[in-house]
Amino acid sequence: MSGLKVFNTLTSKKEDFVPLQAGKVNLYSCGPTVYDLSHLGHARKEINFDVIQRYIRFSGYNLTYVRNITDIDDKIINRAREVDERTEKLARRFTFTFWKDMDALNVAPPDIEPRATEFIKPMMAFVEDLIKKGHAYASGGDVYFDVLSFKDYGKLRKQSIEDLLHGARDQVRSQTELKEIKKNPVDFALWKSAPTTEMGWESPWGWGRPGWHLECSTMIKHALGTTIDIHGGGEDLIFPHHENEIAQSEALHDQPLAKYWLHNSFVQVDAEKMSKSLGNFQTIQSVLASYSPDTVRLFVLQTHYRSPIEFSGESVEAAKAGTARLLRAARYAKDDEAHSSVLKNGKAHKYLSADHPCLTSLRDNEQGGDVIRKLHADFVEAMDNDFNTPQAISALFAVADLIFSSKDENLAAIYAAGLKAYAGVLGLTLTDTGKIIDSQTGAQLVERLLDLRDAARANKDYKQSDQIRDTLQALGIKVMDVKGGRAQWEKD
RNA sequence: GGCGGCAUAGCCAAGCGGUAAGGCAGUGGUUUGCAAAACCUCCAUUCCCCAGUUCAAAUCUGGGUGCCGCCUCCA
């Protein structure tokens, strides 16, 4: 159906993308744990997978995208205790800010967005089934997955159980209390007992909470089935999170959990991972205070999703300047009826496939069609190659060059429509943010106009000064002179 | 200690066997009342180092050096 190739963490190879069912793709990516504001690193992951889902749809597949929200977890409970807030309320609060951040970044919402707390019963059933099958055991109110019972353990990160035991020895030794109740140091919790004073649920093993890895396995099973096409997340989730998901799901179903595993790399600061613990993070909100969503997107997408991004003031400024150039080129587009739906594509909730009439008409256009066809070919070649967004973006800049150097306005308009449409597949809106001014700047502009008016009045040039007042009045700003002083003004 | 990854111009960053994309910054021009924007021009004989394979290597192999990630929560 398409020539898409993806790099599969499971095989460490770039493979032809062939969905399990022709024309249909199930995608799952691990969403946030809602205990704090999201930072640029989280934004990167969501933008990368947003582009992946947009491009898969663009390629003509019928995609179902599922992304979970982890709304019960030790981190949430600890944070709630710190700030003296109900656990559920804290989780809800940060779920909301996550949604706001994603909307601001033009990250389209997933088709299904399950929350862990909605899946407690199915998770318990999942654990019971694993116990029945001999892959898990209850111990001291906890339930652990018996890693030795699953022969493929370690296949995602490519490390044998022996290696893991050997390598992990130092860490595990310190957990003396766990040593008592776990059969094997590498066994991981499916269900964790908790004091009844803490948030939890009554289970066959007593009061407690589900282990983190369990929710994804359970949600995938219920939302998408036993085997999905693509499972993704940040590369730090490869081990143990995704390895453990594989163990749980495949031990229970005897079917592969996912055909392709995709992992994005990190945002770095001074060559170090941006993270909460290092304190070198920028929240999405703080970045968006200074930079437009398109700038953040271009910044993220100018690096391939599997390579680390070096964040610095200089590198973001470069993205800002690049975005400005694309924006100026996009201004050449005519906002007519025929293109309006293409242009809206940049905004979330609407997706275009490559054969949508809006795009085919651009490509088939006698005038300028050759350029759009070239853009299409370059764009698809880049994106088919494991979502090579940096290369796809260079194709966008090539069109921008043609727009600026074109002497023909109609031709430039067609190129610009193409530019906006294909940029939209990357989630770039190319919205003309350069013409949106904030209220503070607006107030200053009024003051400067009044300066000019004062100057005119001082020269007794009342024609000019009245004209300024009338102009402001027409814009809904009332000017009231004050005897011997500066005029007052207010919005009508 | 175990496992994995990365080193490409001032900065960011593609390319992964066929002779160095793109963005930003910078250079010299054109345009402009002056700017900005735009246009034209220039800007890595070379891809961390050393060997090797090959007609051909930034790309493959071996050995160094440096950096990072995971193994504990992590996008």
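Lettering follows sequence order; numbering is per chain, from 1. None of the values given here were measured: they were computed from a predicted structure.
Within the shown strands, nothing qualifies as a pairing partner of B/U46 under the Watson-Crick or G-U definition with both distances less than 3.5 Å. Of all nucleotides present, none satisfies the Watson-Crick or G-U wobble test against B/C16 with each distance under 3.5 Å. With a cut-off of 3.5 Å on both pairing distances, the Watson-Crick or G-U wobble partner of B/C6 is B/G66. The nucleotide B/U53 finds no pairing partner, because no Watson-Crick or G-U wobble arrangement with both distances shorter than 3.5 Å includes it. Pair check for B/A58 finds none; no Watson-Crick or G-U wobble contact set falls under 3.5 Å.
Listed nucleotides: B/C3, B/C24, B/G15. Nearest to the side chain of A/R325: B/C24. Side-chain atoms of A/N388 lie closest to B/A14 of the nucleotides B/A21, B/A13, B/A14. The nucleotide whose nearest atom lies closest to any side-chain atom of A/E310 is, among B/A75, B/G2, B/C12, B/C12. Counting only heavy atoms from C-beta on, A/E314 has its side chain closest to B/C11 among B/C3, B/A21, B/C11. Listed candidates were B/A13, B/A38, B/A21. Nearest to the side chain of A/S394 is B/A21.
A donor-acceptor contact closer than 3.5 angstrom is absent between the side chains of A/N280 and A/E272. Checking A/N8 against A/K259 by side-chain atom types alone, no donor-acceptor pair falls below 3.5 Å.
Put simply, the side chain of A/K273 and the base of B/C74 share a donor and an acceptor less than 3.5 Å apart.
Under 4.0 angstrom from either OP1 or OP2 of B/A75 there lies no side-chain N or O belonging to A/S265.
Within 4.0 Å (heavy atoms only), A/H304 reaches sugar-phosphate atoms of the nucleic acid but no base atom.
Between the P atom of B/C71 and the NZ atom of A/K155 lies a distance of 21 Å, rounded to the nearest Å.
Between A/C30 and A/L237, the shortest heavy-atom contact is CB-CD1, 3.6 Å.
Spacing between B/U53 and B/U61 at atom C1', rounded to whole Å, works out to 7 Å.
Aromatic rings of A/Y260 and A/F17 (six-membered ring for Trp) have centroids within the 6.0 Å cut-off, being under it.
The aromatic rings of A/H263 and A/H242 sit tilted relative to each other, their planes meeting at an angle between 30° and 60°.
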